[in-house]
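Working notes, beginning with the structure itself.
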Amino acid sequence: MEMDLRDFPSGPLDIYRKKASFNWKEMVMFLEGEDMLALKQHVFRMLENDPIFARQPGEDMSTERMREVTFRRCKQLFRYDFLTRDDIMANPWRTVVLNDCLGMYDWSLGAKYFLNKGVMLKDCMYMYNWSLGAKFSINKGGTSVLRIHYTQVNSLFQEFVIHSPDFEAAKFWVGNLGKTATHAVVFAQLYTPDGACHGLHSFIVQVRDPKTLLAMPGVIVGDMGKKLGQNGLDNGFAVFHKVRIPRENMLNKTGDVTPEGHYVTPFKDPNKRFGASLGALSGGRVSISRMAVVNLKLAMTVAIRFSATRHQFGPKDDQEIPVIEYQLQQWRLIPYLAAVYALDYFSKSIFGNFVEFQIGMMMKDNSDRQAELGREIHAISCSIKPLGSWTAQRGIQECREACGGHGYLAMNRLGTIRDDNDPNCTYEGDNNVLLQQTSNYLLSQLHAKQQDGVRIESPLESVNFLEDFDSILETRFTATSVEECMDSAVPLAAYKWLVCFLLRESERRLAKEKASGKADFEARNNSQVFYCRSLSIVYIEHTVVQRFHDQTHDEDTPAGLRPVLKQLCALYSLWTLSNHMATLYQGGYFSGWEPADWIQQAILTLCSQLKDEAIALVDAVAPPDFILNSPIGNADGELYKNLWSTVMQGNKVLERPSWWAEFTSDKPVVGSLRPKL
């Protein structure tokens, strides 16, 4: 695969591209690497040159037609076979890059493709002790925990019985299941003949006949209907009535059942097995956080390019200026551009951590570190998904509004990007519910230290600073100027204090609730809003900031890119920290008016400084125009020319409506003016 980084076409955006302090091509190479960039360009070229992937901005299709087109495009992707298994094993990040490319084109297509090829294979490789060749229509099921299918072993026939005891145990929202999946990975509570429940395990279950696509005996499977977005993907439901499957269909990496019906596991400590299982189930949330970043990249590319070419008002009546020159537009958009770079790097680094965990699973590593790594990745994934999807959700909406009325036109794609991102906030776990998992992890770390004297440390070191819990709580804000606040070390120190403070307050609130006689469940439920939810959010924000800060100070980061990356890191850190001003004052870390004022001024100063870098920064993350599919976001910056051209290519743009005769008939028409004789 050849790599070719061509200059952008000359046009209205030239003025800002020339103002950039860094080489955008160097930034692309730093972000992607030569091999991954070559893969992206190869995929983009194949899609653009194949007529089956041709489309019109804002085209309108029925749900049935959309699914048919998505299915045909998915079949074509399988013919291309962009990645071999050897490619993936050599560098698993290639799967993420391919998913990025397909998602930038259409998330329905990307989801359908990877539910067939990627998710099923991954689950079977890392949770099964034998290999499985994935079929085109194999997909993964949902992951409800309570009142799910229960399974029992029939010792005589060596079978499991998959059963949904009631409608509440039905599997809903399963991708590909609505119309096309023939097999599913089903997560269910495992019961052995002795009546013991061994918790959540996964099983391969055939749901349809591959030759007829009719449901298998005992399986009720169907389509859920139209969604708010991603309607090229058929999400469905399944109910099982005493469906028998072979014992070998259990994915048995963390636990198995013998032919005699006895449960066995390589983990002697149940907590270790649970930690390993949690880690294995974190992959979906890690992937979703990446998908959110991709959506934000698309929206930012459109909004920043639009803002640099849309002229409105100015210091003189006859001189209009680009709206990006306005402080308000900078404040609305550029912090989200900083978020793109912060979350992009974090999504790459946490994926690397997850791969490390998966390798440990494949090597049957039953060590304490492996189990702890699983627990830590679970805590991180349960908070990075909320942070990433909520940041993208708010950022995309800001981009939509920042583009004014043109942002509301379907052809400019911001509405589609917004709707396609929205499910990231709820699937693989509702964001607010997931955050409870993270706070539980942090509270358990503090409890182990206080009750058992256990040192606070973790494989990825995301909680290691909590070992200095007491001394950090004694620290206070020490910056003395706006300029000093523009060093990311300042907000980073504040974040360490925030995590410690909210951890202490969460623990106190829990203790107070329990002291009043409430049971553990009720006590935890009454402690979420103040303070456990906030604790989880500041923990993951601190983790993202810490990694971004370290990257900007790494000697391997090119010297020519460090200044702008440090500005982005400082802006992201201060911008997210500004959401916690009340807590910083409440706990005494801030005092007086200066800290808040300096941070606000630092944010505005950084936005102004990054304004001239913004076009080059989106150029480094933007896909080609064909993939972006937004006339107002095209790389040439010819805003009105591209918009007008697309409008005029619309279906029946200049034709009168099919019901014109009714409008002009002699019957009274509301609003018509008829002279009185």
Side-chain angles (χ1 to χ4, degrees), residues 43-44 46-82 98-99 101-120 134-142 171-184 206-216 219-238 291 410-411 413 415-423 427 626-630 646 649-652 658:
V43 174
F44 288 151
M46 296 296 282
L47 297 183
E48 186 168 3
N49 293 331
D50 189 335
I52 198 172
F53 295 100
R55 57 185 176 172
Q56 288 293 322
E59 62 186 348
D60 194 16
M61 292 185 189
S62 67
T63 300
E64 184 70 17
R65 174 61 178 161
M66 201 177 302
R67 289 178 177 175
E68 179 186 354
V69 170
T70 303
F71 167 74
R72 295 183 185 280
R73 287 170 175 168
C74 192
K75 284 183 67 176
Q76 189 73 336
L77 291 179
F78 274 85
R79 295 188 183 104
Y80 286 143
D81 196 23
F82 288 116
L98 179 57
N99 192 46
C101 294
L102 299 181
M104 284 184 164
Y105 174 82
D106 174 22
W107 281 116
S108 290
L109 176 62
K112 193 166 192 67
Y113 178 78
F114 273 101
L115 281 170
N116 281 300
K117 186 170 185 176
V119 173
M120 182 68 177
K135 296 171 62 177
F136 175 69
S137 52
I138 289 178
N139 82 307
K140 178 182 176 182
K171 290 291 187 181
F172 256 70
W173 285 108
V174 188
N176 279 351
L177 191 61
K179 297 294 184 184
T180 55
T182 61
H183 293 72
Q206 184 172 352
V207 294
R208 285 189 179 94
D209 185 332
K211 295 181 179 179
T212 65
L213 285 187
L214 295 176
M216 297 297 291
V219 180
I220 300 174
V221 59
D223 189 272
M224 292 182 60
K226 189 174 182 179
K227 310 182 291 291
L228 294 180
Q230 297 191 32
N231 281 298
L233 178 66
D234 52 311
N235 289 83
F237 62 87
M291 291 159 61
M411 69 175 65
R413 203 186 172 190
T416 300
I417 296 170
R418 179 183 59 190
D419 291 345
D420 284 353
N421 179 77
D422 219 39
Y427 58 40
F626 170 77
I627 299 295
L628 186 62
N629 200 35
S630 174
T646 306
Q649 291 178 52
N651 187 33
K652 300 180 180 180
S658 60

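The ring pair (Phe, Tyr, Trp, His ring centres under 6.0 Å) check on F626 picks up nothing, with sequence neighbours excluded. Under the side-chain contact (heavy atoms from CB on, under 4.5 Å) criterion, E68 pairs with R65, R72, not counting sequence neighbours.
Put simply, the side chain of W107 reaches to within 4.5 Å of the side chain of N99, judged on heavy atoms. By the 4.5 Å heavy-atom criterion applied to side chains, P423 and Q230 are counted as neighbours. Contact of the F78 side chain with the C74 side chain is registered, since non-hydrogen atoms from C-beta on lie closer than 4.5 Å. Side chains of M216 and V207 form no contact here, defined as non-hydrogen atoms less than 4.5 Å apart. You'll find the side chain of Q76 reaches within 4.5 Å of the side chain of F53, heavy atoms only. Considering only heavy atoms from C-beta on, R67 comes within 4.5 Å of D223 through its side chain.
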Going through the distances and angles, do N235 and L177 end up as a side chain to side chain contact (heavy atoms under 4.5 Å, CB included)? CA-CA 6 Å; N235 289 83; L177 191 61; over 6 Å; no
For V43 and M104, what are the C-alpha separation, side-chain angles and deciding distance, and is it a side chain to side chain contact (heavy atoms under 4.5 Å, CB included)? CA-CA 11 Å; V43 174; M104 284 184 164; over 6 Å; no
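Here the straight-line distance linking atom CG of D209 with atom CD of Q206 works out to 6.5 Å at 0.5 Å rounding. Atom CG of L98 is separated from atom OH of Y80 by 13.0 Å, given to the nearest 0.5 angstrom. Here CG of L233 is found 13.5 Å from CZ of F71. Values are rounded to the nearest 0.5 Å. To the nearest 0.5 angstrom, M46 atom CE is 8.0 Å from N49 atom CG. Note that the CZ atom of R418 and the CG atom of L228 stand 10.0 Å from one another [nearest 0.5 Å]. The distance from atom CD1 of I417 to atom CG of L628, rounded to the nearest 0.5 Å, is 6.5 Å.
By the neighbour-count criterion of 12 heavy atoms within 6.0 Å, atom CG of D60 is sparsely surrounded, having that number or fewer from other residues, nucleotides or ligands. Residue-environment remark: CD (E64) stays at or below the threshold of 12 foreign heavy atoms within 6.0 Å. The environment of I220 atom CD1 is sparse: at most 12 non-hydrogen atoms of other residues, nucleotides or ligands sit within 6.0 angstrom.
The two residues F172 and M224 come nearest to each other via the heavy atoms CD2-CE, 3.4 Å. Contact record, K112 with D234: NZ-OD1, 2.8 Å, taken as the closest heavy-atom pair. Of all the heavy atoms in L47 and I627, the pair that sits closest is CD1-CD1, 4.1 Å. T70 and M66 make their closest contact through OG1-O, 2.7 Å (heavy atoms, listed as atom of the first residue, atom of the second, distance). When all heavy atoms of N176 and L115 are compared, the closest pair comes out as ND2-CB, 3.6 Å. In this structure, R73 and I52 approach most closely via the heavy-atom pair NE-O, 2.9 Å.
Salt bridge absent: K227 and D419 never bring a charged side-chain N and a carboxylate O closer than 4.0 Å. With respect to D50 and R79, no salt bridge is recorded, no charged nitrogen being found less than 4.0 Å from a carboxylate O.
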